[in-house]
Amino acid sequence: MFTAIAYTPNAPTLYSTCDDKNLLKFNSECEQEGQPVSLDCHVTDISWFPPAGKAIVDMFAASCTDGTLRFFKQTGMLEKKIAAHDGAAICVEWNMDGSSLVTSGEDGEVKIWSRNGNLRSQLASFSTPIYTLSWGPDNDSIVIANANKLSIIKTQTRGKRIQWDGQPADKGVVMAVDWNNVNNLIASGGEDCCYRVFDTFGLPLFISSPHEHVITSVAWRPNGNSFAVGTYNLIRICDKTGWSACRVRHEAGSVIKCKWSPDGTQVAGAGGGGSVIVGELIDRSLEYGSITATLTEPKKILISDVASDDLMEELDFPRDRVVEFALGYDHLVVCTASQCLIYDSPNYNTPQIFDLRNPVNLIVLSQKSFAIIDTVEGIRVYSYEGRQISAPRFQGLRAEFLNEDSVSLSADTVAILDRTDMKTIKCFDTLTGRPIAGGNGDIKHDVEIQKLALSQFSGSATERRLVFVDANRELFMTPILPLPGVKKQFATQKLATQVDTVAWNDSSDMLAAVADSRLITWYYPHVLYVDKDLLSLTSDTQDGTEFGKIPQIKTFFGSTITVRRADGALLTSTVPPFPTTLYDLVGGGRWDEAVRLCRFVKNPQLWATLAGMAIYHQDLESACIALSAVKEVDKLQYIKYIQSIPSNEGRNAEMMLYKRCPEEAESILLQANPPLVYRAVKLNVRLFRWERALEIAVKNKQHVDTVLWYRRNFLDSFERKEDLKAFSKYKDQEVDEMSVKEEKKKSKEEESRNGGGVIGGGGGGGGGDHK
């Protein structure tokens, strides 16, 4: 009977111990290497010292039935033996950085040891044996299974112990538990024949139906996307949400322990029947448009066209097995154990190839580049020609904690969630790997962030947007670079609540989210910084009850949204193709064609989208047509008034005022040549910023009487007395209404001469309030 099993951190070599006191070594093909090493004890568990950078790890710790904790060299030579427990020592595990070691035994005690084997503390003591435990990602927490209970206990910092029922009390004990450092979820299994997934508060996220036999082992895949469940003559691979992806029956008996290889491509189990079983993940499938890439064998990928059901290409990798691959943006990126191959669709014959020194954990694609992430070298960004562009770094970066929810890539930005402070997102320039110059710096939030995503379509960093979902399931959007007139504290805006999942479109800036059992698609979310009132008009809402609980948007390509339900089923939903076409027309400056498209479709959301785009790009004629179509009369009148302003600076200032940016509007007017003092004064008067209006007039020695005249009319209409100190010294100054009107007329005529006359015809509904 095999009792313990573990992969070496640096190479896919498997070590296992059995009840004949032998230590066996297997290669990646599950072939025994060398002669067995005889030990003088029965080993119950082994744990390799975690890797540190490029250093070779050659030491592992073992717990033994005689109650000792032992340290062995890679050759099997005993380095140190420590009396750890009364009775058998059952579990041993290093923490993430190798600074501490935890053991548990039949005596019910849980102990913390230093890397040299010195006892640091007795963490807990229970009345029953501790059969399983696991370190948390913070190196400070341990989840412990005690009878039917699961407990999270802090090792260093003081904190309240969290305890909950891992299974019903009358169903036996919890036999296996594992805590993943990427998704921060806990998987467990026990004598009730069910496996479960919990969050760190003990809330059950998934409970399986009962199996035929006891669950004897669970193990998370390193990237946190799935986990393995071992039972009698069966090993099952499950998604992180709990649904079963596949299962394999075998004749090895109960799977006492199961472990994943460092690259996550193999799972090995120690069989109670005297066998070691090793399985490799295959049948992984990715889709992009009509193209499907399927890993049919460890070293083979089939490329097929779903539309024609034709086999386009069969890619063989004779040198190494495939570790990770990604499909999107007309490229296929494949990482094997030693190489990265970049295929340009539809040409799959001549890939770009470069060597890899470490197994890749994650591949993230964007339109112009892609990023690969490994635990040693962190994040590296490459072009699709195979040239390394940058390698973003920051203090506290732990690449092994990153997944598709915590890192996002676009043409000009890399966004990374800081796992040491889950409320902070770091943004870097894709081309240099440095923090974005002139950007918002670290994007900070009040609540821990769960998921982030960068828009892909925008042509420049000034239009790049980042969305994130926090722990309260609220969706926010923020710009990467500061927007003119928008203060930093107001840059982050809420889009929705009760959000389960979110994704950007690949060929436009459409945004889709499943929120409160609804599928919401924002055709133009940037309108949030143009006119908030148009946001609801540019969104489409569909019933999403069929997606169930905890759905995940897998892809949003073109007009098709693919959603995976909690039970593993894939559902598709579509949005009209017209918004994507509208983006292409506006991007090419073809406003007349964009208007004709909206007139043909006759969709209110599309008209509102065009209105937002036209206002943002200051195509006022198209904006008027679109606002008229959605019956936004007040906005239409204001845009008509802006058209009547003779100077470019005046129109730009009014557009900034429309976007609720008065400081920026004032700055535009005062920086004009010559300065448009009257418009700057009148802007502040319209906003009832009386003191600022007077300050501008006095400083420029113009229109002081104008400010006083408007101020006195205001006080008279409300029957109030002067209460502003700045105006008190002018209380005796005479103001002639005719001279004020003459000065206004003179300023407008001068602006008209300098600006080339009235633009766009008539004043619409502006009236005296604007002029």
Side-chain angles (χ1 to χ4, degrees), residues 90-97 99-105 107-113 120-192 194-208 215 217-220 224 227 240-242 398 401 405-406 419-423 446-450 470-473 549-550:
I90 301 176
C91 297
V92 60
E93 184 174 341
W94 290 99
N95 65 357
M96 290 297 299
D97 59 9
S99 60
S100 299
L101 183 71
V102 63
T103 62
S104 66
D107 55 5
E109 293 185 352
V110 179
K111 298 180 179 181
I112 306 296
W113 308 82
R120 285 183 174 170
S121 66
Q122 180 175 312
L123 184 64
S125 181
F126 299 92
S127 59
T128 57
I130 304 300
Y131 294 110
T132 181
L133 50 74
S134 180
W135 281 96
D138 59 359
N139 285 335
D140 185 35
S141 303
I142 299 176
V143 59
I144 301 170
N146 169 39
N148 72 307
K149 304 286 186 182
L150 288 174
S151 304
I152 294 180
I153 303 176
K154 297 287 187 180
T155 63
Q156 299 175 11
T157 61
R158 294 183 179 180
K160 183 179 179 181
R161 177 183 299 189
I162 302 174
Q163 182 171 295
W164 68 94
D165 288 338
Q167 63 184 42
D170 60 344
K171 297 293 185 179
V173 303
V174 176
M175 299 293 296
V177 68
D178 196 18
W179 192 346
N180 187 256
N181 62 353
V182 176
N183 59 36
N184 206 25
L185 297 178
I186 298 171
S188 71
E191 292 183 339
D192 67 343
C194 298
Y195 64 87
R196 292 169 167 82
V197 180
F198 299 94
D199 65 12
T200 53
F201 298 100
L203 178 67
L205 304 179
F206 181 86
I207 302 176
S208 73
I215 304 298
S217 59
V218 295
W220 281 102
F227 61 94
K240 64 181 179 181
T241 56
R398 297 291 297 272
F401 288 178
D405 291 338
S406 56
R419 292 301 296 264
T420 61
D421 179 10
M422 296 287 287
K423 301 176 183 179
D446 297 331
V447 183
E448 289 189 354
I449 297 170
Q450 304 292 333
D470 65 18
N472 294 332
R473 296 173 59 197
K549 296 181 178 180
I550 323 177

side-chain contact (heavy atoms from CB on, under 4.5 Å) between Trp179 and Thr200, worked out: CA-CA 9 Å; Trp179 192 346; Thr200 53; 3.6 Å; yes
Verdict with supporting geometry, Leu150 and Ser188, side-chain contact (heavy atoms from CB on, under 4.5 Å): CA-CA 9 Å; Leu150 288 174; Ser188 71; 4.0 Å; yes
Step-by-step side-chain contact (heavy atoms from CB on, under 4.5 Å) determination, Val197 to Thr241: CA-CA 7 Å; Val197 180; Thr241 56; over 6 Å; no
Val174 and Gln167: CA distance, side-chain angles, deciding distance, side-chain contact (heavy atoms from CB on, under 4.5 Å) verdict: CA-CA 7 Å; Val174 176; Gln167 63 184 42; 4.1 Å; yes
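Note that CG of Leu101 and NZ of Lys111 are 12.5 Å apart. Values are rounded to the nearest 0.5 Å. Taking CD of Gln163 as the start and CD1 of Ile144 as the end, the distance is 10.0 Å to the nearest 0.5 Å.
Between Asp138 and Lys154, the closest heavy-atom pair is OD2-NZ, 3.5 Å. Taking all atoms of both residues into account, the shortest heavy-atom contact from Asp178 to Ser134 is OD1-OG, 3.3 Å. Here the closest heavy-atom approach between residue Cys194 and residue Ile215 is recorded as O-CG1, 3.6 Å. The minimum heavy-atom distance between Gly224 and Lys240, with the atom names listed, is O-CB, 3.5 Å. Of all the heavy atoms in Val218 and Ala187, the pair that sits closest is CG2-O, 3.6 Å. In terms of heavy atoms, Glu93 sits closest to Trp135 at O-NE1, 3.0 Å.
The aromatic rings of Trp164 and Phe198 lie tilted to each other, with the angle between the two planes from 30° to 60°.
In terms of modelled atom types and a separation under 3.5 Å, the side chain of Asp165 and the main chain of Ala169 share no donor-acceptor contact. With Ser141 contributing its side chain and Ile152 its backbone, the two residues share no donor-acceptor pair below 3.5 Å. Proximity of a side-chain donor or acceptor of Glu191 to a complementary backbone N or O of Val173 within less than 3.5 Å is detected. A side-chain donor-acceptor contact under 3.5 Å links Asp140 to the backbone of Gln156. In this structure, the side chain of Tyr195 does not engage the main chain of Phe206 through any donor-acceptor pair within 3.5 Å. Using a distance-only test at 3.5 Å, with no hydrogens or angles considered, no donor-acceptor pair links the side chain of Asn181 to the main chain of Asn184.
Between Arg419 and Ser406, the side chains place no donor N or O within less than 3.5 Å of an acceptor N or O (distance only, hydrogens not considered).
For the pair Leu185/Trp220, a side-chain contact is recorded, criterion being any heavy-atom separation below 4.5 Å from C-beta on. Within the 4.5 Å cutoff, the side chain of Ile142 has no heavy atoms near those of the Ile153 side chain. Residues Lys149 and Phe126 fail the side-chain proximity criterion, which asks for heavy atoms closer than 4.5 Å. Two residues are said to be in side-chain contact when any heavy atoms from C-beta on lie closer than 4.5 Å; Ile130 and Ile90 fail this criterion.
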